[in-house]
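What follows is a set of notes on a single structure, which appears directly below.
One-based numbering, in listed order, for ligands and for the atoms of each. Just so it is clear, the model here is predicted, and its values are computed rather than measured.
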Amino acid sequence: MEGATTNICYNLLDRNVHDRKLGDKVAFFWEGNDPGDELTVTYRELLQRVCQFSNVLKSQGQKGDRVSIYMPMVVELVVAMLACVRIGAVHSIVFAGFSAESLCERIMDSQCSLVITADGFYRGDKLINLKLLADEALQKCREKGFPVEKCIMLRHLSKAAEDDLSSQCPPAKRSCPDLQVPWNPDVDLCWHALLRGASDVCEPEWVESEDPLFILYTSGSTGKPKGVLHSVSGYMLYTATTFKLVFDHQPDDVYWCTADIGWITGHSYITYGPLANGATSVLFEGLPTFPDVSRMWQIVDKYRVSKFYTAPTAIRLLMKYGSEPVQRYKRNSLKVLGTVGEPINPEAWQWYYTVVGEKRCPIVDTFWQTETGGHMLTPLPAATPMKPGSATFPFFGVVPAILNESGEELEGPSEGYLVFKQPWPGVMRSVYGNHSRFESTYFKKFPGYYVTADGCRRDKDGYYWITGRIDDMLNVSGHLLSTAEIESALVEHAAVVEAAVVGRPHPVKGESLYCFVTLTEGATLSGPLEAELRKQVREKIGAIATPDYIQNAPGLPKTRSGKIMRRVLRKIACDERDLGDISTLADSSVVEQLFRDRCLTTP
Ligand code: WTA
C-alpha cells in the first residue's frame with residue numbers, strides 16, 4: 001500500500017459512525033475495579049471525545065511527535081491513544097505496572113515530548129499512586145538531561161476542582177485517603193481543564209501507509225527493551241482481519257479481552273482490531289480475583305459476553321478454586337474462548353473447555369508476538385479441529401517453517417526453531433531508533449527468515465506446538481521478561497557482585513524467577529538483604545519482575561571461557577540431578593555447593 005494515505009482513527013471511528021451508521025452502538029462497556037463502577041460509551045461518544053482530545057493534543061504538539069501514555073485501564077486511555085493517531089503522533093504506551101525507572105528509560109529511548117498519565121488507580125484493594133511514579137520518572141529524565149516539557153494528568157480517583165470538567169470521567173465511588181497527587185505547575189496540565197471548550201470536530205491527519213503508528217517496548221535478550229515499531233496500514237489490515245476471522249466476529253457479539261492495553265494484546269485486540277470491526281467490547285479495569293474469584297463470570301453474565309479472550313495464567317489461577325465459582329454464573333452467552341501469551345498446558349485447556357465453556361465453545365489458542373502485530377498460528381473457531389495445547393495451523397498468508405541448528409528446513413514431524421518465510425502485513429517495521437538491532441535480532445541467525453526465538457514441534461498431522469522461548473527470556477504470567485535486565489538490576493545493589501536468573505516452572509505463573517547472586521566478600525544473604533534485592537528489582541523494572549527465589553551463590557557454574565552455564569542453573573533451580581554434558585565446566589565443585597544450598601521454601 002506504499003504511496004497510499006489513510007488515518008486509522010478515521011477507519012475505527014468516523015467510518016463506523018458515518019458510513020456504517022453505528023453511532024449508537026456501544027463501543028465499550030467499561031467495568032471498573034470496584035463492582036458498580038461502570039460506564040457505557042457509544043461509537044459516536046468515543047468519536048466526540050477523541051476529536052476533543054485531538055484538538056488538545058494539537059495545541060501541545062504535532063504530527064510525528066512521540067507521546068508516552070502511562071495510564072490505567074480507563075476509557076480515556078483509548079481516547080488518548082486514538083487522539084495521537086488522529087493527529088499523526090506516535091504513541092508509546094507504558095504498562096501502568098512498570099516502575100518509574102522503566103518509564104524513564106522508555107520516555108528517553110523514544111524521545112517523547114509529552115507524557116499522559118492519571119492520578120492513580122486501584123488494583124483490587126491496592127492503591128497505585130500513578131502520578132507519583134510518573135513524576136519520579138520525569139525527575140529521572142531531567143537528571144539524565146532529557147527534560148520532558150509537558151505532562152497531562154487525568155483525574156480518575158480524585159475529584160476534579162470545581163472548574164474542571166469532571167463530568168468527563170465519573171470519579172471513583174470509593175474514597176482514597178492515601179492518594180497523593182503531586183503537582184508541578186511548570187510541567188503539569190489538567191486533562192479536564194484542557195478539554196474545556198475544546199471543539200469536538202477535528203479533521204484527521206492523513207498519513208502515509210508506511211508512517212509509524214506506535215512504539216511498544218518489549219524485553220530484549222541483551223537487557224535493554226526494544227521499541228517495537230508498527231506502521232499504519234499493514235497493522236490496521238492485519239488486526240482487523242485476524243480479529244474478524246479468529247473470533248468469528250458477528251455484529252451482535254459482546255467481546256471481552258482481559259489483557260491490559262499496556263501490552264500488545266490490548267493494543268491489537270482491545271483497541272485496533274475490535275474498533276475496526278465496529279465491535280462492542282468490555283473494557284475491564286480490575287482483577288479476576290477481586291472482590292472474589294467469580295468476578296470474570298459475573299461480568300460475562302452482566303454484559304452477555306459471547307467471545308472471551310484471556311491468558312493461560314489467568315485460567316490456571318482460577319482453576320485452583322475449582323468449578324463452583326464458575327458455575328455460580330450461567331455463561332450461556334459464551335460462544336468462542338481464546339487464549340494468548342504462553343503455551344497452554346492440556347489440563348488448563350481441558351478445564352477452560354469443559355468447566356468454563358461447557359464443551360460448547362471452541363478454543364482459539366493464538367500464538368503471536370509483540371513483533372508480529374497479530375495472530376500467526378491459530379485455529380479458526382469450529383472450523384479447525386482442536387488439539388489441547390497446540391496453536392494448530394498458520395493464519396492465512398503466514399508461512400511457517402521449522403529449522404534445525406544449521407538453518408535447514410525440516411519436513412514432516414520435527415522440532416526446532418520456529419521461523420516465518422514470508423512477510424505479513426502486521427510485521428513490525430523496525431526497532432525504534434535502531435534499525436540494525438531490528439535486522440540482527442530477527443534476521444541474522446537464519447538469513448532470509450523472520451526468527452521468532454520460540455522452539456516448536458510439528459506433529460504427524462502438521463499441527464504446531466510451541467515449546468517455549470529459546471533465548472534468555474522468561475515468560476512469567478504471560479509477560480516476557482529478560483533475564484539480563486533482572487540480572488543487571490540485582491548487580492546494581494552494592495552487595496551483589498554477579499547474578500544469574502533462570503526460570504523455574506510454576507503451577508500458575510508458568511515460570512517463576514529463580515535468582516542466583518554472588519555477594520561481595522563478607523556479605524551474607526539475610527532476610528533484610530533479600531527484601532532489599534526484591535525491592536531493587538521492583539523499582540528498576542516493576543512488580544511483575546519480583547524475584548521468587550534468591551539463592552546465595554559463592555560461585556556460578558561457568559565454562560572455561562567464562563560463560564555462565566544457565567542450563568546447569570536451571571537444573572539446580574528445579575533440583576534435577578541429571579546435568580547432561582558438563583565437560584566444559586571450569587569448576588564442578590561449584591555445582592555441588594549450589595545443589596546443597598538450594599532454596600527449598602516455596603515463595
Ligand atoms: C509466547 C504476546 C505459546 C511466545 C502476544 C512468544 C505463546 C511470546 C502463545 C510473545 C501461544 C504467545 N502459545 N506461546 N498461544 N502466545 N506466546 O511479545 O513465547 O508479549 O514468543 O506477545 O509469548 O510475547 P509477547
Side-chain angles (χ1 to χ4, degrees), residues 93-95 97-98 214-221 225-230 235 238-239 242-243 246 257-273 309-316 337-346 348-349 352 363-379 384 386-395 398 400 417-420 426-428 431 441-442 450-458 463-483 503 509-511 542 544-545:
I93 300 182
V94 179
F95 171 54
F98 273 124
F214 66 79
I215 300 165
L216 180 59
Y217 285 85
T218 182
S219 302
S221 55
K226 299 181 289 256
V228 169
L229 184 76
H230 281 286
Y235 179 83
Y238 203 65
T239 52
T242 47
F243 174 79
V246 172
C257 166
T258 67
D260 191 290
I261 292 181
W263 305 102
I264 191 69
T265 304
H267 280 60
S268 300
Y269 299 112
I270 295 179
T271 302
Y272 290 102
Y309 193 29
T310 195
T313 184
I315 298 165
R316 289 193 299 262
L337 303 174
T339 77
V340 56
E342 57 184 311
I344 181 164
N345 47 313
W349 193 100
Y352 198 28
I363 294 182
V364 287
D365 175 352
T366 60
F367 166 86
W368 59 294
Q369 306 177 303
T370 304
E371 294 88 337
T372 69
H375 303 143
M376 298 299 282
L377 304 176
T378 177
T384 310
M386 301 176 287
K387 291 194 185 188
S390 167
T392 72
F393 302 115
F395 187 73
V398 172
Y417 294 89
L418 176 67
V419 299
F420 295 111
V427 65
M428 69 185 283
V431 169
T441 309
Y442 303 98
Y450 167 90
V451 180
T452 60
D454 279 297
C456 186
R457 180 168 67 80
R458 189 170 43 217
Y463 281 67
Y464 290 85
W465 301 75
I466 303 295
T467 55
R469 301 287 299 193
I470 42 195
D471 50 6
D472 289 333
M473 218 75 93
L474 301 178
N475 194 324
V476 178
S477 299
H479 303 317
L480 276 194
L481 295 173
S482 144
T483 51
K509 300 198 281 188
E511 281 189 292
I544 46 169

Nearest protein heavy atom with distance in Å, relative to [atom]:
atom                    : value
atom 19 (O) of ligand 1 : D454 OD1, 2.6 Å
atom 25 (P) of ligand 1 : T370 OG1, 3.5 Å
atom 9 (C) of ligand 1  : E342 N, 3.5 Å
atom 3 (C) of ligand 1  : P343 N, 3.1 Å
atom 23 (O) of ligand 1 : G341 O, 3.2 Å

Closer than 4.0 Å to some heavy atom of [X] - which atoms of ligand 1 meet that?
X    : value
R469 : 6 (C), 19 (O), 21 (O)
D365 : 11 (C), 13 (N), 15 (N)
T366 : 9 (C), 11 (C), 15 (N), 16 (N)
V340 : 5 (C)
I466 : 3 (C), 14 (N)

Does any N or O in the side chain of [X] come within less than 3.5 Å of the main-chain N or O of [Y], such that one atom is a donor and the other an acceptor?
X    : Y    : result
S268 : T239 : no
T452 : L418 : yes
E371 : M428 : no
T483 : D472 : yes

Determine, stepwise, if the pair R316 / E342 fulfils salt bridge (Lys or Arg N to Asp or Glu O under 4.0 Å).
-> CA-CA 12 Å; R316 289 193 299 262; E342 57 184 311; 3.1 Å; yes
Can the ring centres of Y217 and F98 be said to be less than 6.0 Å apart?
->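 Not under 6.0 Å, so no.
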Distance, nearest 0.5 Å, that separates NZ of K226 from OG1 of T218 |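 Going from NZ on K226 over to OG1 on T218, the span is 5.5 Å.
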Does A391 reach ligand 1, in the sense of a heavy atom lying below 4.0 Å from it?
->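 False for this residue.
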Does W368 reach ligand 1, in the sense of a heavy atom lying below 4.0 Å from it?
->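 Per 4.0 Å heavy-atom rule, W368 contacts ligand 1.
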Should the proximity of L377 to ligand 1, defined as any heavy atom under 4.0 Å, be assigned to the side chain, the backbone, both, or neither?
->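 Under 4.0 Å from ligand 1, L377 contributes no heavy atoms.
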Using a distance-only test with no angle check, is there a side-chain donor-acceptor pair under 3.5 angstrom linking Y309 and T366?
->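 Side-chain D/A pair, Y309 to T366: present.
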Full working for ring pair (Phe, Tyr, Trp, His ring centres under 6.0 Å) between W368 and Y238 | CA-CA 12 Å; W368 59 294; Y238 203 65; 9.0 Å; no
Any N or O of T339 that comes nearer than 3.5 Å to an N or O of ligand 1?
->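 No; the residue has no nitrogen or oxygen that sits under 3.5 Å from a nitrogen or oxygen of the ligand.
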